[in-house]
There are 2 protein chains.
Amino acid sequence: MREARGNTRELVLDAALASFGTAGYDGTSLDDLAAGLGIRKQTILYHFVSKRRLLDAVVDRCTGELTAALEHVLSEARAVSTSDWDRVEAMVRVVFRIALEKPVLLGLLREVSRPGSPGAARLRTHLEPLMARARRWMEDEMAAGRMRRTDAQLLLLSAYSTVVGVATEIEVLRAAGVGPTLRPVVQRRAELLRFLRSSLDLSA
Amino acid sequence: MREARGNTRELVLDAALASFGTAGYDGTSLDDLAAGLGIRKQTILYHFVSKRRLLDAVVDRCTGELTAALEHVLSEARAVSTSDWDRVEAMVRVVFRIALEKPVLLGLLREVSRPGSPGAARLRTHLEPLMARARRWMEDEMAAGRMRRTDAQLLLLSAYSTVVGVATEIEVLRAAGVGPTLRPVVQRRAELLRFLRSSLDLSA
DNA sequence: CAGGCTCTCTACCAGATGGTCAGGATCAGG
DNA sequence: CCTGATCCTGACCATCTGGTAGAGAGCCTG
């Protein structure tokens with residue numbers, strides 16, 4: 001029996017992302033995952049050797065998407081505008097857009113960023129270059145006197161967790177029945193930007 | 001065979017808190033939990049009927065501790081000072097102190113606050129009265145013109161998630177090897193207070 | 001001492017879990 | 001038409017899971 005595809009891998013990745021992001025890694029069974037796809041568990045194992053490697057593959061794809069989106073918006077912003085603040089704002093916007101369009105991705109991030117979680121290490125190795133790059137940028141800005149001088153690493157981690165926190169909050173709101181209204185999201189984004197701006201103390 | 005105690009229940013609760021907070025609910029097995037205590041799993045089930053109820057008990061105790069600490073600091077602050085802002089600040093301080101002293105508690109909160117997690121409902125029922133109370137207070141403040149008029153529920157949820165986010169961040173820092181230095185924590189707390197102050201727009 | 005209560009244990013179970021193995025179906029190329 | 005590669009599956013397995021049944025040990029009370 002050979003179905004239409006070639007895309008089974010992708011389908012499995014999608015389903016795995018959804019399940020890992022909502023039920024968690026331990027809360028996901030290969031049998032359930034397969035059943036949801038009308039497939040047998042052995043098929044999953046054929047494509048991804050083990051459950052652990054399936055998680056790795058999911059993390060790889062997601063961080064890939066994320067960094068690609070960030071790269072894209074960065075290069076675009078660099079082409080159009082000269083202001084550093086515009087670039088920061090663009091990045092925040094893209095993170096929020098992702099959070100709205102693909103909420104499961106936030107769930108996965110939450111699941112996999114727990115210290116001690118399988119895949120936490122992998123996430124870190126993927127995010128490390130981004131962090132390093134941002135840190136270098138901030139240190140340059142500080143050296144040039146365009147940014148208030150503080151601990152770049154700390155501020156960066158703080159900004160990261162705040163952005164992710166706010167984005168996650170959207171999910172909480174949705175779960176609390178606040179509904180798909182866009183207003184609170186926009187409001188929160190504005191507040192966050194204000195906060196970041198004062199933290200960074202950028203001369204716009 | 002009867003050992004020295006009567007405190008087995010408490011020991012199990014402690015261990016369960018630690019395991020649920022780090023490995024998660026699904027990632028915790030009663031056998032491992034028992035083995036860590038030099039005990040058989042059936043003893044755990046004797047005290048807490050089922051794994052699910054064990055989680056409930058852990059959540060109950062933790063939210064109990066938390067609300068007790070908040071109540072305490074609130075009543076104390078009310079006795080000593082007259083300023084609303086002092087009370088807010090005192091509450092933030094107590095949350096940070098808890099986060100530093102009992103980091104596992106944050107882990108549990110993180111685990112159990114995931115939408116769809118078992119015990120999420122229970123957490124909500126425990127936190128609801130606190131939230132309602134805070135909302136009433138904020139609405140009073142707004143009515144009296146001492147606070148900028150916005151969506152109280154939204155602002156509250158935002159403040160909650162920010163506080164918890166920052167407190168959790170301490171754990172992330174610790175995991176990243178930033179060490180038990182107090183400086184970043186104090187710095188973050190100061191930033192957070194500044195942020196809350198501007199959000200609330202309290203006339204101190 | 002008898003009998004009950006509290007606490008912990010051994011023994012056991014049915015179901016689910018991740019994973020292995022061998023084989024069946026389909027297709028491309030020689 | 002044969003062969004090998006790709007993709008998928010049924011049968012099977014060892015292990016672990018939460019949970020049950022029952023017994024025995026220490027303790028208190030009548």
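Proteins come first, then strands; the chains are lettered A, B, ... in the order of their sequence lines, and each starts at number 1.
Taking side-chain N and O atoms only, B/Arg40 has no distance below 4.0 Å to OP1 or OP2 of C/dT8. When the side-chain nitrogen and oxygen atoms of B/Ser29 are compared with OP1 and OP2 of D/dT17, one or more of them lie within a distance under 4.0 Å. Considering only side-chain N and O atoms, A/Tyr46 lies under 4.0 angstrom from the phosphate OP1 or OP2 of D/dC7. Dashed line: the shortest gap from a side-chain N or O of B/Thr8 to OP1 or OP2 of C/dT8 is under 4.0 Å. For B/His47, no side-chain nitrogen or oxygen approaches OP1 or OP2 of C/dT6 to under 4.0 Å.
A/Phe48 places its CZ atom 15 Å from the P atom of C/dG18, with the value rounded to the nearest Å. Following rounding to the nearest Å, B/Leu33 (CG) and D/dG19 (P) show an atom-to-atom distance of 13 Å. For the pair A/Asp31 CG and D/dG10 C1', the interatomic distance rounds to 13 Å; values are reported in whole Å. With rounding to whole Å, B/Asp26 atom CG is found 12 Å from D/dT17 atom P. Between A/Arg9 atom CZ and D/dC7 atom C1' the separation is 13 Å, expressed in whole Å. One atom, NZ of B/Lys51, and another, P of D/dG19, lie 8 Å apart when rounded to the nearest Å. At whole-Å resolution of the value, CG in A/Leu45 and C1' in C/dT20 are 10 Å apart. Rounded to an integer number of Å, the gap from CD1 of B/Ile44 to C1' of D/dT17 is 13 Å.
Using a 4.0 Å cut-off between charged nitrogen and carboxylate oxygen, A/Lys102 and A/Asp14 do not count as a salt-bridge pair. We find that A/Asp140 and A/Arg136 are not joined by a salt bridge, their nearest charged nitrogen and carboxylate oxygen being 4.0 Å or further apart.
Pairing each heavy atom of A/Arg40 with each of A/Ala34, the nearest pair is C-CB, 3.6 Å.
Within the nucleic acid shown, B/Leu30 comes within 4.0 Å of sugar-phosphate atoms alone, with no base atom in reach, counting heavy atoms only.
A cation-pi arrangement is absent between A/Lys41 and A/Tyr46, since the terminal nitrogen or guanidinium carbon is not both under 6.0 Å from the aromatic centre and inside a 45° cone about the axis.
Using a 4.5 Å heavy-atom cutoff, the side chains of A/Leu109 and A/Leu123 are in contact.
Nearest nucleotide to the side chain of B/Thr43, out of D/dG10, C/dT8, D/dG18: C/dT8.
Scanning atom types as modelled, one donor and one acceptor separated by under 3.5 angstrom connect the side chain of B/Lys41 and the base of D/dG18.
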